[in-house]
Amino acid sequence: MPELPEVETVRRGLIPYLEGHTLVRVDRRRKDLRIPFPRGFVKRLAGGRVLRLSRRAKYLLFHMADETVLIIHLGMSGRMTVTPPGQDAGKPGKHDHVIFETDAGAVITFNDVRRFGLMTLTDEVGLDDHKLIRDLGPEPLGNEFSDAYFSDILRGRKTPIKAALLDQKIVAGIGNIYACEALYRAGISPRRLADSVAGVRATRLAPAVRDVLNDAIAAGGSTLKDYVQADGELGYFQHSFAVYGREGEPCPDCDCDGSVERIVQSGRSTFFCAKRQI
DNA sequence: CTTACGGCCTGTACGC
DNA sequence: TGCGTACAGGCCGTAA
């Protein structure tokens with residue numbers, strides 16, 4: 001998916017078209033994605049005004065004027081595309097599942113081939129307690145994700161650190177790409193048990209996580225084949241991946257003479273340099 | 001409580 | 001050309 005930087009990039013791309021605008025049309029073209037759309041989905045949104053877009057972990061949130069909150073997850077292959085006012089959006093494609101049109105004439109289309117994404121509704125009062133939101137760990141770019149917090153929560157865990165980074169209850173928003181990249185930057189083996197990262201290594205890894213996410217956001221999110229930035233422009237952080245998708249290539253940033261290996265951990269590919277990452 | 005694993009769904013790339 | 005297999009950015013429910 002879209003990991004945190006991509007969702008953040010989508011959010012920023014959508015803001016000019018949605019914030020302060022009324023949804024004059026909401027077209028829900030199937031009854032479910034990963035979960036069913038809630039009852040009254042179209043009715044509760046159509047005619048409503050979008051006050052603000054926010055993000056929690058990989059969830060994109062539309063805050064409506066009537067205190068409804070639309071929760072969106074892009075899953076593995078979800079995208080948001082914008083057709084600016086005055087342009088013809090054309091006919092919906094096969095995997096265009098939800099289409100919004102604003103009072104200004106912009107058309108925002110949610111497309112998700114694999115349908116691992118979701119949309120549901122809650123309200124402002126219930127947002128923090130919503131089952132999709134309540135168990136999420138701290139935002140990696142927020143103050144709560146301190147070196148001390150990270151060290152403490154890793155202590156005693158017997159799972160590999162790579163899996164711990166993917167655990168949204170430990171820290172929210174990191175996916176497979178940025179888990180690999182952060183471990184590379186920190187020089188920590190993805191196979192090392194989380195417990196052994198508690199302490200000094202956590203004080204290297206936490207900043208590496210923040211840095212790689214910030215770099216990716218600054219670059220406009222990375223782009224793989226299923227991801228298109230909200231404004232249709234392509235992000236270019238993928239050119240900066242040190243290890244992700246680079247199996248067999250020389251380790252890019254050290255004189256270690258190593259090469260990038262791919263292993264499988266809990267069913268997901270991990271890319272790393274065994275010489276640099278100890 | 002923590003951890004591991006299968007399943008969800010479609011498309012694409014690759015080997016034979 | 002066709003067919004089978006592996007793999008893809010995530011997450012949840014279940015079982016141990």
Side-chain angles (χ1 to χ4, degrees), chain A residues 1-11 29-36 55-60 71-80 93-97 110-120 130-137 140 152-183 190-195 198 209 212-213 216-217 219-230 234-241 243-248 262-271:
Chain A
M1 143 189 261
E3 304 182 30
L4 184 155
E6 290 73 34
V7 178
E8 179 61 21
T9 301
V10 169
R11 185 184 75 85
R29 302 176 49 76
R30 53 176 297 128
K31 67 180 193 328
D32 58 26
L33 293 168
R34 195 178 85 212
I35 61 173
R55 179 190 58 72
R56 175 74 171 98
K58 302 173 195 175
Y59 291 96
L60 179 62
I71 301 175
I72 301 174
H73 197 289
L74 301 177
M76 293 273 260
S77 55
R79 335 163 167 188
M80 289 283 191
K94 184 177 176 188
H95 302 296
D96 293 345
H97 305 308
F110 175 79
N111 175 289
D112 185 6
V113 170
R114 292 174 71 184
R115 303 204 304 273
F116 287 176
L118 66 85
M119 287 195 197
T120 194
H130 192 281
K131 62 181 269 198
L132 295 172
I133 304 291
R134 68 183 175 215
D135 294 326
L136 293 171
D152 286 351
I153 201 162
L154 294 177
R155 185 156 285 124
R157 293 197 183 252
K158 302 191 58 173
T159 195
I161 185 61
K162 161 79 179 326
L165 284 173
L166 293 176
D167 184 343
Q168 304 297 298
K169 293 192 277 300
I170 292 178
V171 55
I174 300 169
N176 204 36
I177 292 179
Y178 298 109
C180 294
E181 294 294 316
L183 287 165
R191 293 194 270 226
R192 178 177 281 284
L193 291 190
D195 179 64
V209 165
V212 75
L213 296 177
I217 291 169
S222 52
T223 302
L224 297 181
K225 62 179 181 299
D226 287 332
Y227 172 70
V228 173
Q229 202 168 313
L234 299 181
Y236 46 86
F237 190 73
Q238 78 274 17
H239 301 307
S240 301
F241 293 162
V243 288
Y244 188 84
R246 294 187 180 275
E247 182 180 14
R262 186 180 81 94
I263 60 173
V264 175
Q265 295 181 286
S266 42
R268 315 288 305 276
S269 287
T270 300
F271 298 89

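Proteins get letters first, then strands, A, B, ... in listed order; numbering begins at 1 in each. None of these values were measured; they are calculated from a predicted model.
DNA chain B contains the following stems of three or more consecutive Watson-Crick or G-U pairs, with both distances under 3.5 Å: B:2-8 with C:10-16, B:10-16 with C:2-8.
Of the inter-residue distances, the one linking A:Arg262 atom CZ with A:Cys180 atom SG reads 10.5 Å to the nearest 0.5 angstrom. A distance of 10.0 Å separates CG in A:Asp135 from CD1 in A:Ile133, rounded to the nearest 0.5 Å. Atom CZ in A:Arg30 sits 3.5 Å away from atom CZ in A:Arg115 (nearest 0.5 Å).
Here A:Ile170 lies out of heavy-atom contact (under 4.0 Å) with every strand. Within 4.0 Å of A:Ser266, counting heavy atoms only, lies no atom of the nucleic acid at all. As judged by a 4.0 angstrom heavy-atom cut-off over every strand, A:Lys94 is placed among residues touching the sugar-phosphate backbone only. Using a 4.0 Å heavy-atom criterion, one finds that A:Arg268 contacts the bases of the nucleic acid, with or without backbone contacts as well.
For the pair A:His95 and A:Arg34, both in contact range of DNA chain B, the more 5′-proximal nearest nucleotide belongs to A:Arg34. When each of A:Lys131 and A:Phe116 is assigned the nucleotide of DNA chain C bearing its nearest heavy atom, the one mapping closer to the 5' terminus is A:Phe116.
The listed nucleotides are C:dG13, C:dC12, B:dT3; the one nearest the side chain of A:Tyr59 is C:dC12. For A:Val113, whose side chain is taken as the heavy atoms from C-beta onward, the closest listed nucleotide among B:dT2, B:dT10, C:dA8 is B:dT10.
Between B:dC9 and C:dT14, the two P atoms lie 16 Å apart (nearest whole Å).
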